[in-house]
Amino acid sequence: MLKCHYSKPSAILSILQGCNSIKRLKRIHAYVIVNGLQDHPKISNKLLNFCAVSVAGSISYAQLLFQHIENPSTEAWNSIIRGFAQGPSPLQALLYYNSMVSTSASQPDNHIFSFVLKACKIIKAEKKSMEVHGLIIRHGYERDVIVCTNLVRSYAGNGLLGSARRVFNDMTDRDLVCWNCMISCYSQAGFHQDALKLFSQMRDEKVGLDGFTLVGLVASCAHMGALNIGIEMHKIAWEKGFLQDYYVGNALIDMYAKCGSLDDALNVFNEMKRKDISTWNSMIVGFGVHGRGDEAIALFKQMLMAGVQPNSITFLGLLCGFSHQGLVEEGIQYFHLMSSEFKLKPGVKHYGCLVDLYGRAGKLEKALELIESSSYDDPVLWRTLLSSCKIHRNVATGEIALKSLVRLGLSNAGDYILMATIYAEVKDIDGVARMREKIKIQGMKTTMGLTWIEVGDKVHKFVVNDISHPDSCEIYDKLKQIINRLALLGYSEEAAIGRDPEFDLETSSSYHSEKLAIAFGLVKTPEGSCIRIMKNLRICRDCHTFTKFISKAFNREIIVRDRVRFHHFNNGICSCCDYW
DNA sequence: TTGTGATCCC
């Protein structure tokens, strides 16, 4: 039992200060009650705060304490709302906030608004964010930079980038954190151009920058395939001394890998004095998506030697590399190693890689078996199988995969297009017609194929048959000239039906976006230099053949990043060895 | 006691 002199409030408070476990706290609480001090404001707040907020606390005990507070002060509301906002049930934070606003005499303060907004972001409570915004204004906190930064994040996290930006614009004194926050919101939402634009505004306004700024921007460069801008960022990071920051280094490795420049990724990797698990993962995943599974293994072994434990992402990188390189045996081995040796449970993504591995290698029954034996009835697994059926022209298994997607109610236009292509490959015209019909009847939208190319510091976007580019005339002239030249070397365009995934239901003849981008690249970049393009879908077979011919006829290295992997075209050959 | 960052199957 605690000694009697603890009955003084100040003594109890100082004991509470040093409390580090819920068990001890409960003993103190009992003592507080025995001495009739449970309503002492400072003591009850301290007890509540520890339970709600501390890692050693207990949110359910905090709830219990809170129930016994007669007129909770702002501090008390603060603790309970904060506790739930950062815990496993943020919805509770909103419920407490509601009852505070509607029943309590205590007023919410800047801290409470921050916690509530955090909860709104996590549980995607878009309407609530707006409502809270109203109350923030009414309580006069619309000039509080931290509250507003939370508001920006909360709006952006709910997909309301426009609202987030308006809040940002209306802020009177913006600090570096809030600029960083706006940039990372854009980056995470996929608004990469906006992130870059904001950065140039940041420079104009001489705000300065730090590692956080760079991470958001470099991630955007990675997603856009904007190598030149990424190199700029690398330079800045070097000049300002941010290269030793894990996050910056890892983002750079990822950026170089995603921009097709694996050597540069490796340079950053090697120069990082301290590497964490993500540093290794970024590099292993980089090798993986480039189809260099053997190098991924080598790095994995080095990682183990360095005493770093792999995690599930490490294995995704490895398995991804194996499937692109066709290393079936290794894939199976590492898939098992994952759980047997490293106690990691394979997730649906790992199954996805393995289905892909079997599927590409033509072992379609194995792939099917694997899906059926796994506990995942996941659309992505069936879609992966369907893609493999396309490669190997397997109608029967393809139909099983498509049926599963329909059964799950998750089939999309892309799936029918894939199946239509399989029918087309085996000259089943009725099958093709049935698939077209399904898409039409159900009014499904096809995903528009897009290709991006970076020239200088600008990223240009193309769609199929694009005529919106200011240099369109020049591009089409060049394309016709290219096609004539390639024809002499034996290239002929494949039939329209084989040209998924930009397969167009309306027009029979079309110029795929990658052809336009490559033609543009040939016009705008110096002779002999490398052309890098990026697609949102898989490259189709015709364009793949076309690009091989170009690389030879025009003596250009062409690097294509498609939705899932890289193709390095050189002298008429592709690094994927036509295995994709 | 309140705000910002990287790697992830098709």
Side-chain angles (χ1 to χ4, degrees), chain A residues 45 49-50 52-54 74-75 78-79 81-83 85-86 109-118 121 141 144-154 156 174-185 187-188 210-219 222 242 245-255 257-258 276-286 288-289 311-317 319-320 323-324 346-357 359-360 376 378-388 401 405 414-415 418 501 537-538 562-565:
Chain A
N45 269 334
N49 192 269
F50 176 86
V53 173
S54 157
T74 296
E75 285 77 21
N78 203 317
S79 296
I81 291 173
R82 178 182 176 192
Q86 69 188 22
D109 63 3
N110 49 342
H111 302 263
I112 290 188
F113 286 126
S114 292
F115 301 134
V116 170
L117 287 168
K118 189 178 190 175
K121 191 202 109 191
Y141 288 113
D144 184 313
V145 64
I146 297 180
V147 170
C148 286
T149 305
N150 272 308
L151 201 48
V152 166
R153 261 213 102 63
S154 185
R174 289 176 288 213
D175 61 7
L176 182 55
V177 176
C178 102
W179 282 91
N180 289 346
C181 178
M182 194 67 238
I183 284 183
S184 84
C185 285
S187 178
Q188 282 164 17
D210 63 9
F212 286 86
T213 327
L214 289 171
V215 167
L217 295 167
V218 172
F242 294 124
D245 181 333
Y246 283 141
Y247 284 89
V248 174
N250 298 348
L252 283 169
I253 292 172
D254 182 56
M255 182 277 293
K258 287 214 167 82
D276 69 356
I277 176 68
S278 295
T279 314
W280 292 93
N281 284 351
S282 299
M283 200 61 230
I284 289 172
V285 170
V289 296
N311 63 17
S312 67
I313 295 171
T314 320
F315 282 93
L316 273 180
L319 293 172
C320 169
S323 81
H324 292 311
V348 66
K349 295 180 180 182
H350 301 93
Y351 275 94
C353 286
L354 212 63
V355 168
D356 192 50
L357 178 84
R360 277 180 214 276
Y376 302 104
D378 187 277
V380 177
L381 298 185
W382 292 113
R383 209 160 278 142
T384 305
L385 180 63
L386 187 57
S387 312
S388 301
L405 286 162
D415 303 327
L418 263 177
L537 300 173
R538 298 308 310 268
D562 80 11
R563 192 159 49 90
V564 299
R565 66 160 294 155

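To find a chain, count down the sequence lines: A is the first, B the second, and so on, and within it residues start at 1. Quantities reported herein were computed from a predicted structural model and do not represent experimental measurements.
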Would you mind telling me which of B:dC9, B:dT1, B:dG3 lies closest to the side-chain atoms of A:Lys349?
B:dC9

Stacking between A:Tyr247 and the base of B:dG5 (centre distance under 5.5 Å, interplanar angle under 30°)?
yes

Heavy atoms under 4.0 Å, any strand shown: does A:Arg563 hit a base, just sugar-phosphate, or nothing?
base

A:Ile146 side-chain proximity, nearest of B:dA6, B:dT1, B:dT2
B:dT2

Between P on B:dT4 and NZ on A:Lys118, what's the gap in Å once rounded to a whole number?
7 Å

Trace of the side chain to side chain donor-acceptor pair (under 3.5 Å) decision for A:Ser278 with A:Asn281
CA-CA 5 Å; A:Ser278 295; A:Asn281 284 351; 5.2 Å; no

Rounded distance (Å) that lies between atom P of B:dC9 and atom CG of A:Leu381
13 Å

From the options B:dT4, B:dC8, B:dA6, select the nucleotide whose nearest atom is closest to the side chain of A:Leu316.
B:dC8

State, yes or no, whether a side-chain contact exists between A:Ile146 and A:Ser114 at a heavy-atom distance under 4.5 Å.
yes

A:Ser154 side chain to A:Asn150 main-chain N or O, any donor-acceptor pair under 3.5 Å?
no

In sequence, state the C-alpha distance, the side-chain angles, and the governing distance for A:His324 and A:Arg360, and then conclude on side chain to side chain contact (heavy atoms under 4.5 Å, CB included).
CA-CA 8 Å; A:His324 292 311; A:Arg360 277 180 214 276; 3.1 Å; yes

Heavy atoms only, 4.0 Å cut-off, all strands: where does A:Lys258 land among base, sugar-phosphate and nothing?
sugar-phosphate

Nearest-Å distance, CD1 (A:Ile183) to C1' (B:dT4)?
10 Å

What about A:Asp175, does its side chain sit under 3.5 Å from the base of B:dG3 through a donor-acceptor pair?
yes

Kindly say if A:Gln188 contacts the phosphate of B:dA6, meaning a side-chain N or O under 4.0 Å from OP1 or OP2.
yes

Scan A:Leu316, A:Ile313, A:Asp254 and name whichever one has a side-chain contact (heavy atoms from CB on, under 4.5 Å) with A:Val285.
A:Ile313

Let's see if you can work this out: which of B:dT7, B:dT2, B:dG3 has an atom nearest to the side-chain heavy atoms of A:Thr149?
B:dG3

From C-beta outward on A:Phe115, which listed nucleotide comes closest to its side chain: B:dC10, B:dC9, B:dT1?
B:dT1

Please pick, from B:dG5, B:dC8, B:dT2, the nucleotide with the shortest atom-to-atom distance to any side-chain atom of A:Val285.
B:dC8

Does the base of B:dG5 carry an N or O that pairs as donor and acceptor with the side chain of A:Asp210 under 3.5 Å?
no

By nearest atom, which of the nucleotides B:dC10, B:dA6, B:dT4 is closest to the A:Asn250 side chain?
B:dA6

Regarding A:Asn311, tell me which of base, sugar-phosphate or nothing describes its non-hydrogen contacts under 4.0 Å with the strands shown.
nothing

Is A:Gly216 touching bases, backbone alone, or none of the nucleic acid, heavy atoms closer than 4.0 Å?
nothing

Does any donor-acceptor pair link the side chain of A:Ser282 with the base of B:dT7 at a separation under 3.5 Å?
no

Does A:Arg360 reach a base, just sugar-phosphate, or nothing at all? Heavy atoms under 4.0 Å.
sugar-phosphate

Need one value for A:Asp144: base, sugar-phosphate or nothing, where a base atom within 4.0 Å counts as base even if backbone is also close, heavy atoms only.
nothing

Indicate whether any N or O donor in one side chain lies under 3.5 Å from an N or O acceptor in the other, for A:Thr213 and A:Asn180.
yes

Identify whether any heavy atom of A:Cys353 sits under 4.0 Å from a base atom; if not, whether one sits that close to sugar-phosphate; answer base, sugar-phosphate or nothing.
sugar-phosphate

Under 4.0 Å, heavy atoms only, any strand: does A:Gln86 hit a base, just the sugar-phosphate, or nothing?
nothing

Given the rule in the side chain to side chain contact (heavy atoms under 4.5 Å, CB included) test, do A:Tyr376 and A:Leu381 qualify, once you have shown the distances and angles that lead to the verdict?
CA-CA 8 Å; A:Tyr376 302 104; A:Leu381 298 185; 3.8 Å; yes

Among B:dG3, B:dG5, B:dT1, the one nearest A:Ser184 by side-chain distance:
B:dG5

Heavy atoms only, 4.0 Å cut-off, all strands: where does A:Val145 land among base, sugar-phosphate and nothing?
base

Without decimals, in angstroms, what is the distance between A:Met182 CE and B:dG3 P?
18 Å

By the 4.0 Å heavy-atom rule, please label A:Val248 as base, sugar-phosphate, or nothing.
base

What's A:Thr384 touching, base or sugar-phosphate or nothing? Going by heavy atoms closer than 4.0 Å.
sugar-phosphate

Within less than 4.0 Å of OP1 or OP2 of B:dC10, is there a side-chain N or O belonging to A:His350?
no

Remember a base hit wins even if backbone is also touched, and classify A:Asn78 as base, sugar-phosphate or nothing at under 4.0 Å, heavy atoms.
base

For A:His111 and B:dT1, are the ring centres under 5.5 Å apart with planes inclined under 30°?
yes

Could you check whether A:Val355 gets within reach of a base, just the sugar-phosphate, or nothing at all, counting any heavy atom under 4.0 Å?
nothing

Assign A:Asn110 to base, sugar-phosphate, or nothing according to its heavy-atom contacts below 4.0 angstrom with the strands shown.
base

Using atom CE of A:Met255 as one end and atom C1' of B:dG5 as the other, report the distance to the nearest whole Å.
15 Å

